[in-house]
Amino acid sequence: MTDIERKFLLTVPSSTANLALIREFVVAVGVQAGLGDADVGKLELAVDEACANVMEHAYEHDETKEVVVRATFDREVLHIIVEDTGRGFDPSRVPQEKLDRLIAAKQSGGLGMRLIKALMDEVRYEFIPGQKNELHMLKRIR
Amino acid sequence: MTDIERKFLLTVPSSTANLALIREFVVAVGVQAGLGDADVGKLELAVDEACANVMEHAYEHDETKEVVVRATFDREVLHIIVEDTGRGFDPSRVPQEKLDRLIAAKQSGGLGMRLIKALMDEVRYEFIPGQKNELHMLKRIR
Amino acid sequence: MPTPFRIDTSRIDDISVMVLDGQVDAHTAPRFEEAIQAELTAGHQRIIADCAKLTYISSAGLGVFMSFIEEIRESGGDIKICSVIPKVQATFEILGFQDIFDIVADVPAAVQRFRESPVKEA
Amino acid sequence: MPTPFRIDTSRIDDISVMVLDGQVDAHTAPRFEEAIQAELTAGHQRIIADCAKLTYISSAGLGVFMSFIEEIRESGGDIKICSVIPKVQATFEILGFQDIFDIVADVPAAVQRFRESPVKEA
Ligand SMILES: Nc1ncnc2c1ncn2[C@@H]1O[C@H](COP(=O)(O)OP(=O)(O)O)[C@@H](O)[C@H]1O
Ligand SMILES: Nc1ncnc2c1ncn2[C@@H]1O[C@H](COP(=O)(O)OP(=O)(O)O)[C@@H](O)[C@H]1O
């Protein structure tokens, strides 16, 4: 592998039917980037969670909208951006309840953002009002 | 499925290592479009051939270049466009030798374009000099 | 392709054994939810989730386990999870599922667990 | 993922049996080509391509069969193709492969064919 940056892009309609394809896409990119099996699995789950959130929360299952996943890597780091043009949100205000509290409150949600943070090495959300929102996720290679 | 057009886009570096991902992409789109197994197989092969040609002939294995595959479908038709920004070519000048002639001439090439035409319902090549080249392929659904 | 997923439910005595086959994501989790709901509606509160063929689970699937567990335990039943492949186990562990759920080696162990401790002890 | 593909070559008497496993596309065809070349270099002109596990082939792989067949037949050998799955068979048929190549049911049939007609008759 040379030091040139590799770029991949996938755009699909905002339907959960496309999550399997999104996972195949990031797995293919992760393997090519040189991630080990465990890290490929983490990447797969984090990107799935990010895209499922866009479909559910940003677009509220409006299948005419599009989910955009960008991936670039060089020797050192794999960078994923999940883009949406929905209403945006403030991730710092998403409560991080403990599992037993969630269960007691009969809430099943709130796991996605927690997983993403636990799975990736860096996570950053850019909210560009009226334009687009980007969830940036980094995974270091080795 | 509603009558709204569904749009999918995949961009990958021009490396044959990405052909497997391209095939997974078109297979996923074909299944969602409602194609039967045999037609999904035809689509998979036609798009693989088109992209392999771009990698080999348009970009001569320059992995810094990008191959773009666009797919849209409605109820009736699946439309695939494979884009490159390479030198372009005149498909009418690609000789269509019979298999035994090719073998006698010790040529293994020239099969890709023939397969694409046999596999898809309509094939059209747009050469836009200095800008981009597009191979349009149509598959009717049922 | 739409996510490949199927559930087959069978019974060992009064225990429902649900074989999860394929991937549970936001697309297929509703089918998993319906399958558990169907067991509860039929009065079956003892459920084994056989995960030997479960190759992937996202938070949508984890949320299904979580949303039912209280109700099931309150009525004296439980969900025992078994035969988890390492990849899925890794996901369970990130969220601390092993503190909440009884996760055991295989179906016989899960049956045994129902005999010995019907509800997971804290 | 890079295309999954492997070849295992074994021998039945003087016949090389090449098991093609996975997908042959422009990425993996060079490995297929090298494997055939290695047999020829070692003096083995009788080759069975066992396609039972070949799930996909594109023109790059078809071209490998075509580029060697003349040379092999001129030296008294042949490539017999066997155990082709319907999807791959469909690709062969579009190009008329069955007119050029001996395509038979399975490895025993391919061995038998080498005994009866070492080179395909026109
Ligand atoms: N892309 C997004 N656009 C808008 N809101 C979002 C987005 N992603 C997450 N959120 C908000 O953050 C909350 C927490 O998300 P998450 O942790 O994934 O749990 P869940 O999706 O199960 O609610 C969501 O309920 C939603 O309000
Ligand atoms: N995207 C492309 N850009 C430039 N030339 C192309 C392209 N696709 C095909 N060609 C030309 O058409 C010829 C025939 O292509 P094809 O039938 O696929 O056979 P092969 O690729 O084996 O030569 C190629 O050799 C090449 O000269």
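Naming convention: chains lettered A, B, ... in sequence-line order (proteins, then strands); numbering from 1 in each chain. Computed from heavy atoms alone, side chains included, the values below leave out hydrogens, waters and symmetry copies.
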Is the count of non-hydrogen atoms from other residues, nucleotides or ligands lying under 6.0 Å from D37(B) atom CG greater than 12?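 Not more than 12 within 6.0 Å, no.
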Within a radius of less than 6.0 Å around CD of E126(B), do more than 12 heavy atoms belonging to other residues, nucleotides or ligands occur?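 Correct, the count exceeds 12.
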Do you know the tightest heavy-atom contact between F25(B) and L21(A)?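 The pair with the smallest heavy-atom distance is CA-CD1, 3.8 Å.
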OG1 on T64(A) to CZ on R6(B), rounded to 0.5 Å: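 Between R6(B) CZ and T64(A) OG1, I get 7.5 Å after rounding to 0.5 Å.
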Best-contacting candidate, K7(B), E66(B), R70(B), against chain A by heavy atom pairs under 4.5 angstrom: K7(B)
side-chain contact (heavy atoms from CB on, under 4.5 Å) partner of F8(B), chosen from N18(A), T11(A), L10(A):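 That would be N18(A).
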